[in-house]
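These notes concern the structure reproduced below.
Sequence lines set the chain letters: A, B, ... in the order given, protein chains first and strands last, and positions in each chain run from 1.
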Amino acid sequence: MSTPETIAVVALWIVAAAILLLLLLLYRQVDSAYGSNESNQSTALLPGVELPPVEIMTPAGPDFLDLPADPELSILAFLGSDCDRCAQLEETLTKEPVFDGLANCLFVSATPNGEPIGQRPDDTETVRFYSAAYAPDVPRTFGVNSVPLVYVLQGRTVLAAHSAADHRELAELLDAAREQRAALATEVGEAARS
Amino acid sequence: MAWIELAGRSIGLILLASAIAKLIRPDYFLRRLGEYSFVPGALAVPLGFCAILGEAVVSVVLLTGVAATAGFIAAAALFAIFAAASWLELRAGSAAGGSGIDCGCLGGVLPLRLGRAAMMLNLGVCLVAVACAIASVGVSGVSDDEVGTGMLWALAALLAASYWIAQFAFAVVGRMRTALEAQRRPA
């Protein structure tokens, strides 16, 4: 290569590197500006609302998820793949099932391939993993704009919903759910009296 | 013909970078592949390894210059598959109201997205490979007489880098569009 050619090629490489650097900076800015905004904007179903039927994949095809009966509190968590907090949540609920009054933990994977997960080694009578039958519908139907999203339910009624992964966050969410349950019971009692 | 050699080396370097990046973090690419709406979960791993192997083999063929025509045909097929994957994912994404997923194309080195622009770029490279395959019939071996070897490699590397930079630029624009759409969506 002659000297002008070398200079031209080096200059082009510098321009390409500069463009890449600027794009990386822009990506980081966009992520920090909008990423936190998106995750903070909760679109979860509100307390008191009845949860829509959850369709899951089973070896026999799509089926509706059986939610536990009314008096018990249960957790329904929507997970995604490659999500560190989802893995942490799974570990918290499978390794330390120490929450008072919590009957069931149901995990629904919202990854879009809709394949049945099958029996997992972590599955127990109270902790079970499923795969959503129609994953693209999950964000709209259940207000999942970030994972993990944890619903605390009594029967089909939503008591609380928030992103949670560790023991403390789950304990706070369950406390909020119990308060909501008490408030709903009071409202029902007042309505019955009047 | 220098332009065929330049195209061959550029496409070879694009595929080589892709294969190496995927091999550095194969789990990342395989997980992303499993999230493609049209890829059955059970097929993600074998398909992923076939893709990595295909990219590696085609890149070696193009970079060494042996069987250039076959290499260009295989490269055209690979880029056509990438474009088709983008198109299928776009269809599934628009049906579900989504707007592109991380394709894992560079194994997480750069966050890239499947989208319309990426599809058009892959189609463009596919067409270049087809043109080179036709033009390279009867041309064998590598000759750097018209352009020096160093120049050829430097330009090929620059073109390959430009391809990935363009893909990343499309991903950044796609990320911004997604964020703006999320903001405009009524609560």
Region of B/Ala169 in contact with chain A, defined by heavy-atom distances below 4.5 Å: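 Both backbone and side chain.
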Part of B/Ala157 within contact of chain A (heavy atom distance under 4.5 Å):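 B/Ala157 touches chain A through backbone and side-chain heavy atoms alike.
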Do A/Val54 and A/Val144 share a hydrophobic cluster, counting only Ile, Leu, Val, Met, Phe, Trp and Tyr and linking them when any side-chain heavy atoms are less than 4.5 Å apart? yes
Given a strict heavy-atom distance threshold of 4.5 Å, which part of A/Leu24 is in contact with chain B: side chain, backbone, both, or neither? both
Measure the spacing between [atom1] of [X] and [atom2] of [Y] and express it to the nearest 0.5 Å.
X: B/Leu110; Y: B/Gln167; atom1: CG; atom2: CD; answer: 10.5 Å
X: B/Leu114; Y: B/Trp87; atom1: CG; atom2: CH2; answer: 14.0 Å
X: B/Ser162; Y: A/Trp13; atom1: OG; atom2: CH2; answer: 7.5 Å

